Amino acid sequence: MKIVTWNVNSARQRLAHLETFLRESAPDVVCLQEIKCTDEAFPAAAIEALGYNVAVHGQKTFNGVALLSRLPLEDVRRGLPGDDGDLQARYIEAVISAGGGAVRVASIYLPNGNPVATEKFAYKLAWMERLRAHMAARLAEEEIAVFAGDYNVIPEPRDASDPAAWTGDALYQPESRAAFRAILNLGYTDALRACTDAGGLYTFWDYQAGAFQRDFGIRIDHALLSPRAADRLRGVAIRRDVRAWEKPSDHAPLEVTLDVG
DNA sequence: ATGCCTGTCCGTGACAGA
């Protein structure tokens with residue numbers, strides 16, 4: 001089973017790229033972030049025409065996440081538990097029943113948190129604590145589970161081309177990195193790091209100042225695997241080539257392959 | 001030190017309907 005996470009930076013602006021990607025990568029499941037539209041405005045018909053089921057948790061203008069799957073999406077849940085007052089659409093999960101067993105997949109759009117020392121950073125840390133609590137509860141269910149998305153966290157120095165440039169940024173704050181480690185320490189596996197220790201592996205390059213051309217990148221899109229999912233991990237690929245397409249998203253897709261189904 | 005780039009919404013103007 002090939003599972004992809006991709007922050008598309010507007011589903012409507014990126015529909016042609018998404019269609020091309022679905023045709024040539026042929027993933028089984030896709031976790032989208034920053035669809036930037038309501039459920040009604042999401043281009044579901046075009047995606048369904050390519051053989052995918054669609055579940056959307058959208059929002060006007062900002063945020064918004066979705067799941068696409070060749071097999072049916074069951075037990076769809078929208079929103080991260082722990083704060084009924086949180087109106088930002090940043091979390092959706094569902095179960096896909098494959099031949100080899102059921103897989104729970106979540107699409108996550110973690111808050112950016114900038115600027116630090118504002119309410120936005122406090123919201124990020126509170127959101128990460130809610131995510132940790134939810135992932136702890138899910139872990140107890142011993143499922144094959146994949147929590148994939150834009151975590152907006154640079155885990156380690158090797159995950160940035162110029163770590164010093166991110167010193168004051170919410171993506172690289174000690175608190176942000178500690179919260180990410182706390183999730184891993186529950187017993188989750190960073191899929192990419194299970195496959196390689198190499199540096200220079202990035203998933204985001206800013207649109208500005210020729211960041212992609214200079215390879216001024218960071219690794220902030222991650223797939224975290226439950227123990228049973230990690231046992232089935234076959235490989236990971238960052239689709240850097242997609243970031244070079246015309247009028248791209250500023251994020252590259254991350255592909256994870258599991259021996260399931 | 002700041003902007004760099006991109007996307008959405010709003011406002012505007014054009015137009016349809018009452």
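Quick caveat, the model's predicted, so the values are computed rather than measured. Naming: A, B, ... by sequence-line order, numbering from 1 per chain.
The side-chain contact (heavy atoms from CB on, under 4.5 Å) search around A:R239 returns A:F21, A:E24, A:S25, A:D241, A:V242, A:P253, A:E255, not counting sequence neighbours. Applying the side-chain hydrogen bond (donor to acceptor under 3.5 Å, both in side chains) test to A:E129 and every residue at least two apart in sequence or in another chain returns A:R132. Residues that satisfy the side-chain hydrogen bond (donor to acceptor under 3.5 Å, both in side chains) test with A:E142, not counting sequence neighbours, are absent from this structure. Under the side-chain hydrogen bond (donor to acceptor under 3.5 Å, both in side chains) criterion, A:N9 pairs with A:K36, A:Y207, sequence neighbours left out. Listed by chain and residue number, A:D75 satisfy the side-chain hydrogen bond (donor to acceptor under 3.5 Å, both in side chains) test with A:R77 (two or more places apart in sequence, or in another chain). When the salt bridge (charged side-chain N to carboxylate O under 4.0 Å, His left out) test is applied to A:D169, no partner is found at least two apart in sequence or on another chain.
Non-hydrogen atoms lying under 4.0 Å from DNA chain B are contributed by A:Q13, A:R14, all within residues 13-22 of chain A.
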> Which dot-bracket string fits DNA chain B when only Watson-Crick or G-U wobble pairs with both atom distances under 3.5 Å count, crossing pairs get [ ], and | stands for a partner on a different strand?
Replying inline: ..................
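Between A:I35 and A:Y109 there is no side-chain heavy-atom pair separated by less than 4.5 Å.
Under the ring-ring contact (aromatic ring centres under 6.0 Å, His included) criterion, the residue pairs touching residues 46-94 of chain A are A:Y91-A:H134, with sequence neighbours excluded.
Connectivity analysis of hydrophobic side chains (ILVMFWY, heavy atoms under 4.5 Å, direct or indirect) links A:W166 to A:I154, A:L171, A:Y172, A:F204, A:F216, A:I218, A:I220.
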Can you give each donor-acceptor pair under 3.5 Å made by side-chain atoms of residues 174-184 of chain A, sequence neighbours left out, with the distance rounded to 0.1 Å?
| residue | atom | partner | partner atom | Å |
| --- | --- | --- | --- | --- |
| A:S176 | OG | A:A170 | O | 2.7 |
| A:R177 | NE | A:P155 | O | 3.0 |

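Nearer the 5' end of DNA chain B, as judged by each residue's closest nucleotide, is the contact made by A:G210, out of A:P248 and A:G210.
In summary, contact between chain A and DNA chain B, defined as any nucleotide atom under 4.0 Å from a heavy atom of the protein, begins and ends at B:dC4 to B:dC9 in the 5' to 3' direction.
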